[in-house]
Structures are given as C-alpha cells and as structure tokens.
There are 2 protein chains.
Amino acid sequence: MTAHRTVPVTIRAMESSNAPGGTGGGRREATRQKLYEAAVTLIAEQGFSATTVDEIAERAGVAKGTVYYNFASKSVLFEELLRHGVGLLTASLREAADRSAEGGGSRVDALDAMIRAGLVFIDRYPSFTQLYVAELWRTNRAWQSTLMVVRQEAVAVVEKVLREGVEADELSDEIDIGLTASALVGMVLVAALDWKAFQPERSLDDVHSALSRLLQGRVSGNR
Amino acid sequence: MTAHRTVPVTIRAMESSNAPGGTGGGRREATRQKLYEAAVTLIAEQGFSATTVDEIAERAGVAKGTVYYNFASKSVLFEELLRHGVGLLTASLREAADRSAEGGGSRVDALDAMIRAGLVFIDRYPSFTQLYVAELWRTNRAWQSTLMVVRQEAVAVVEKVLREGVEADELSDEIDIGLTASALVGMVLVAALDWKAFQPERSLDDVHSALSRLLQGRVSGNR
DNA sequence: AGTTTTGCACTGACCAGTCAGTTCAAAAAG
DNA sequence: CTTTTTGAACTGACTGGTCAGTGCAAAACT
C-alpha cells in the first residue's frame, strides 16, 4: 500500500460512509451501480480476463480512475458484484418459499414457486446468471471462496425446502437432498439460459410450465 | 507461483524420445494430444484469456514454437479442442441410446442410459465439461459459431429420444421437447459438476440413482 | 451577507509489465 | 533426405494500476 495523499484516507473513509437511508441521491453509490451494470454485461459476454477496466469505465460513462476510486482492484469490483447479485437471487428465492408457505401451499408448491422465482431472476438479470455459471466451477481464482459462500447460501434455501418436504412426507425420504437441489438448480439454470439465448420470445409462463411438469414427474406418465 | 521449474530444457531435448504406447507413427498427433490435455486443464481453471500460450507449452512439455507449428493460433487450438471434446460426448450419448434400444429397453431406459453416459463422460473429462459450460452462453466470441454447432449436435441426440418417447406414448405429448432436453442436460451437468467439485468421493452409481429418481418422478411420490 | 477553505468524487495521461505471435538456425526424429 | 521440434530473442500492441490535478458543494470564517 502506498500512501498517496497528505491527508489520512482512513479517517475520511469513516466519516464518508454513506448513510443508509438518508441520502436518496448518493453520488458514490450511483456510480458504483453504473459500474456494476457495465461490468456485468461485459464480463458475461467476454469473460473476466478478456474484459478491460477501460471498457468497463467507458461503458459506465466514467473515467478509469473512478473505477479505482470506488474499488480496490478489478477483482474486488467483480467480487462485490458477485455478492450483490447472488444476494438478490437468494432473497428472491427465500421470499418465494416463504410466501408460498404462508399461503398454505405444500412444499412442492414452494419448490414450484422457487422455480418461478429463479426464472424471473434470470429473465431480469440474464447477464449476471451467465457470468455466474461461467465462473462457478473454476478453481484457482481469487474470488473462489467468495463464490463458494454465496453459492451455498442460495443452494441452502432449496435444500431447506426439500428437507421440510421429506419431513412432511411430501417427498420420498430416499432422495439425496444435496444432489437433488443441485439437479433442480441446474435444470432451471440451463433451461433458462437456453431460453434467453435461443428462444427469447417465449413467455416465462411457458417455460415455467414445462419445468413444472418435469418437477412433478408428469413427463413419463402419458397423458 | 509457478514452482515447477526443474531445469534443463536443454537436457530434455535429448531424452524427449518419449513415444508413449508407440502409436505407430503419428508423432504430430501425439503432440497435438498433449497440447489438448494441457490446454483443457489450464483453460478450465483459469479461463481462455487468462491462460497463456507459454503455460500451455510448458505444461505439455513442448516448446512454444511447437504450439504454433501445430496450430495456427491460440484460438484455433481452443476451437479444435472444443470440437474434439464435444465429438467424444456426442458419440458416447448416441452409443448409449442405441445400445439401450438394441437391448429392447424403453425410451425412458434410453434416457436413463444417456444420463449415465453423461456422468461417465464428466467423470472422465471434468475439466472439459467445466470449460464447455463456462463458454457455452457467451456471446461475441470468435468460436461462438463452432460452439453452437457442436451444442446442437449433442442436444439433438437427447431430443431425438424424447421425440421417440412421445411417439411411442411413453412420454406425455404435452412436453416441450427442446426445453425438456435442455432441462435434462442441465440437471446432469450441474449435478455432476457439483459432485466432482464438492463430493468427489461419491460413486457414480450413487449420483446416477439420485438423478434417475428425479427423472422418473419418484421424488414427489412418498416412499 | 460574502469570502475562503475543505475534502469528496472524479479525471485521464502515463508507466511498467505482460502476452500473442514471429522468426530462424539448428537439432532431432524418422 | 524430409518432417517435426526446439529454444531463444524479439516485436508491437495492450492492460492493470497510479497519481497529480480538477470541479464543486457544503462548511467555516469574517
């Protein structure tokens, strides 16, 4: 670390912490948001290494220095982007499960609601999803541990519902919770990415019903 | 970080008469194979852009010049690697489906056999799978069209079996062939990658039976 | 009030390092 | 002999990160 200013940055950092609800404006936060949006599309298209900081800055409409004013490094920007995005997904899944439970639905209904929530998320943030999938199983990367943590948070939501379903005898107690959760996530992920990539004109309901059918085993049973 | 510099490139030149297995000629082909293997692991770990040609050459145990003697460019090497790998997968899936059909199995049995074939493939070539998933939904990349072609070849095998299953009234005629195929592929892909990444000690049979159960809708029915 | 100071947020030219790709003479392999 | 590989030097473009400096709005001061 090189101290490149006569005045202590540490102190300033503390007093300049953006107030949570107060500043509706928040110039800094707005800039960071713009950088997230720029980075997410570029990295989804080209990958992390192939995307330059100059590109991100240009797309966001800020100077390169601004990127480094707001984030310690390119990797840190990406890592925080990852946390931000998966946080949104996890919250969305959790809300869908809870809402379904409150409405008195079964656990299978909750799973179905989560599938829909997943589709809605991917529909809204296709680039982020793309980027997430592309990075998830890589190794030897700086943000690997971060990725593990957020992945686990998201998968845990699905696993919880599966576990409750087994306990309530709605689901077979022979299923492998972890593997089934992975498989379900994969099902939604890949189907949705293919949807957005190759048939973006189809409706969400359409895709949802196809996956719903698969989930409830109404595939092998003939009409 | 690169610690493996055990010296003597000069000496290696003399002992380089390694003809593994002795493929009866094809020295060139053997070199290309070594380069494939080196490239696939490195790119799976780090991504295409973050992997340098020098690294690939070093890992393969050849000189940098050799890479460019055998491939026109880094991209071309990668593209041919992609074709090579997906070719193996497609052949494997097709064989599994055919063998199941010959054995007089139902279409659902064929699907199950393909799931197993997929798992076997991923078990044998985890790095390739990883790399494939990471690149599949990217856009604006040089090898995009190549990727589309090979993807379609692989998915078509699954779709064909689904179509036959519908015609034979084994599967509901309300299923969406394309979407269901995507979903099945995603199910296997993600479950298998998670398996290799987080629980590599589990047996293939174990994973297969979990996915089999999901396929045949034996999840929501209680024991 | 008007004037000066403060310091946050941002800028963009610049630097030091990296990498794909080239070249080529010479050696090894067959 | 021909084909293939070697290995090292070299180039030229590109990139992550830096830093001295700018603009401006709120605070401090008179």
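Labels below follow one simple rule: chain letters A, B, ... track the order of the sequence lines, proteins then strands, and each chain is numbered from 1.
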Using whole Å, what does the distance between atom [atom2] of nucleotide [N] and atom [atom1] of [X] come to?
X	N	atom1	atom2	value
E58(B)	dG7(D)	CD	C1'	13 Å
F48(A)	dT15(D)	CZ	C1'	12 Å
E29(A)	dC10(C)	CD	P	11 Å
Y68(B)	dT6(D)	OH	C1'	16 Å
I56(A)	dG17(D)	CD1	P	11 Å
L42(B)	dA20(C)	CG	C1'	16 Å
D54(A)	dC15(C)	CG	P	16 Å
L77(A)	dG16(D)	CG	C1'	13 Å

Less than 4.0 angstrom between a side-chain N/O of [X] and OP1 or OP2 of [N], yes or no?
X	N	answer
N70(A)	dA9(C)	no
T31(A)	dC10(C)	yes
T66(A)	dA9(C)	no

Which nucleotide wins on minimum distance to the side chain of [X], given the candidates [options]?
X	options	result
T52(A)	dT5(D), dG21(C), dT15(D)	dT15(D)
Y69(B)	dA20(C), dT4(D), dT15(D)	dT4(D)
A63(B)	dG12(C), dG17(D), dG7(D)	dG7(D)
R28(A)	dA20(C), dT11(C), dA9(C)	dA9(C)

**Presence of donor-acceptor pair under 3.5 Å, side chain of K64(B) and base of dG7(D)** = no
**Electrostatic pair R202(A):D194(A) at N-O distance under 4.0 angstrom** = no
**Cationic N near anionic O, under 4.0 Å, K64(B) to E58(B)** = no
**Message:** Is it true that, when you exclude K34(A) itself, more than 12 heavy atoms of the residues, nucleotides or ligands shown sit nearer than 6.0 Å to its NZ?
**Reply:** yes
**Message:** Taking any heavy-atom pair under 4.0 Å as a contact, classify S75(B): base, sugar-phosphate, or nothing.
**Reply:** nothing
